[in-house]
Amino acid sequence: DLSNIKRICTLALSRKYYPDTDSHSLLAMLYLLDYQTARSLASKAHDAMYDVHFTYCVLDKICGHVGITTLEQLYELSEQARVPEFISFGKHKGMAIKDLPSDYVNWLLRQPDMDLYLRKALEQ
């Protein structure tokens, strides 16, 4: 049972705090936030040990940029970042969730297996 594990999503944090970046992949974010490390270690990408190191570097830079100083803050901001602001599929793709027609929101909420974070955004 992993329900008590507090997960951190560097992808969601990257998308939230660097929305204009062309790519939010781990290596792209490392190049953006720590060019020297990325350049010297890029050939090691997709090696599990280095991917962990890359993730740490990206997360460390995001924490510094946003002013995160505790694990609890990091978890809370990661959870907030996972709640989408725009719909990423369907006929309203790209539209702000707050601007979706209410009948579409109601229809989405009735769908089975709805992503929990999308549901949270739709219910707000």
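What you see is a predicted model; the values in this text were computed from it and never measured.
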| said: Within the structure provided, determine whether Met49 and His53 are in side-chain contact (heavy-atom separation under 4.5 Å). | reply: no

| said: To the closest 0.5 Å, what do you measure between CD (Gln36) and CG (Leu41)? | reply: 11.0 Å

| request: Not counting sequence neighbours, which residues clear salt bridge (charged side-chain N to carboxylate O under 4.0 Å, His left out) with Lys6? List them please. | output: Glu72

| field | Lys120 vs Gln124, side-chain contact (heavy atoms from CB on, under 4.5 Å): CA-CA, chis, key distance, verdict | value | CA-CA 6 Å; Lys120 189 174 190 174; Gln124 291 176 355; 3.8 Å; yes

| With distance as the sole test, does Ser23 use its side chain to make a donor-acceptor pair with the main-chain N or O of Ser25 at under 3.5 Å? | yes

| task | Run through the side-chain heavy atoms of Ile, Leu, Val, Met, Phe, Trp and Tyr, join any pair under 4.5 Å, and report what else lands in Leu118's cluster. | result | Ile87, Phe89, Met95, Ile97, Leu100, Tyr104, Val105, Trp107, Leu108, Leu109, Met114, Leu122

| message | Please check this pair: side chain of Ser78 against backbone of Cys9, looking for a donor-acceptor N/O pair closer than 3.5 Å. | response | yes

| query | For the side chain to side chain contact (heavy atoms under 4.5 Å, CB included) test, which of Ile62, Val66, Val58 pairs with Leu13? | reply | Ile62

| message | Walk me through whether Tyr35 and Leu30 qualify under side-chain contact (heavy atoms from CB on, under 4.5 Å). | response | CA-CA 7 Å; Tyr35 182 80; Leu30 187 61; over 6 Å; no

| Side-chain donor or acceptor of Asn106 paired with backbone N/O of Ser102 under 3.5 Å | yes

| hydrophobic_cluster_shared for Phe54 and Tyr56, side chain cutoff 4.5 Å | no

| More than 12 heavy atoms of other groups within 6.0 Å of Asp22 CG | no

| task | To the nearest 0.5 Å, tell me how far Asp60 CG sits from Ile68 CD1. | result | 10.5 Å

| message | Please determine whether the number of non-hydrogen atoms from other residues, nucleotides or ligands lying under 6.0 Å from atom OH of Tyr75 exceeds 12. | response | yes

| Taking only residues two or more places apart in sequence or in another chain, which ones pass salt bridge (charged side-chain N to carboxylate O under 4.0 Å, His left out) with Arg119? | Glu123

| query | Rounded to the nearest 0.5 Å, how far does OG of Ser40 lie from NZ of Lys44? | reply | 10.0 Å

| said: So Thr21 and Ser14, do their side chains get closer than 4.5 Å, heavy atoms only? | reply: no

| message | To check you understand the geometry: which heavy-atom pair defines the closest contact between Met29 and Tyr18, and what is its length? | response | CE-CD1, 3.6 Å

| Other ILVMFWY residues reachable from Val52 by side-chain steps of under 4.5 Å | none

| task | Assess whether atom CD1 of Ile5 is packed by more than 12 heavy atoms of other residues, nucleotides or ligands within 6.0 Å. | result | yes

| said: Between Lys98 and Glu85, does the salt bridge (charged side-chain N to carboxylate O under 4.0 Å, His left out) criterion hold? Intermediate values first, please. | reply: CA-CA 8 Å; Lys98 66 180 179 60; Glu85 295 178 16; over 6 Å; no

| field | Heavy-atom pair of closest approach, residues Leu26 and Asp51 | value | CD2-O, 3.7 Å

| Are Arg7 and Glu79 close enough for a salt bridge, meaning some N to O gap below 4.0 Å? | no

| request: Can you see which heavy atom on Asp1 is nearest to which on Asn4, and at what distance? | output: O-OD1, 3.9 Å

| How would you list, by chain and number, every residue that makes a salt bridge (charged side-chain N to carboxylate O under 4.0 Å, His left out) with Glu76, sequence neighbours excluded? | none

| field | Ala12 to Arg82 - nearest heavy-atom pair and separation | value | CB-CG, 3.6 Å

| field | Closest non-hydrogen atom pair, Tyr31 against Ala42 | value | OH-CB, 3.4 Å

| message | Applying side-chain contact (heavy atoms from CB on, under 4.5 Å) to Leu74 and Cys63, what does each step give before you reach the verdict? | response | CA-CA 8 Å; Leu74 176 59; Cys63 287; 4.0 Å; yes

| task | Measure from the side-chain N and O atoms of Thr70 to the backbone N and O of Gln73, and report whether any donor-acceptor pair falls under 3.5 Å. | result | yes

| Do Leu11 and Leu59 belong to the same hydrophobic cluster, where Ile, Leu, Val, Met, Phe, Trp and Tyr are linked whenever their side-chain heavy atoms lie under 4.5 Å apart, directly or via other members? | no

| query | Going by side-chain heavy atoms closer than 4.5 Å, which hydrophobic residues are tied to Tyr117, directly or by a chain of links? | reply | Val83

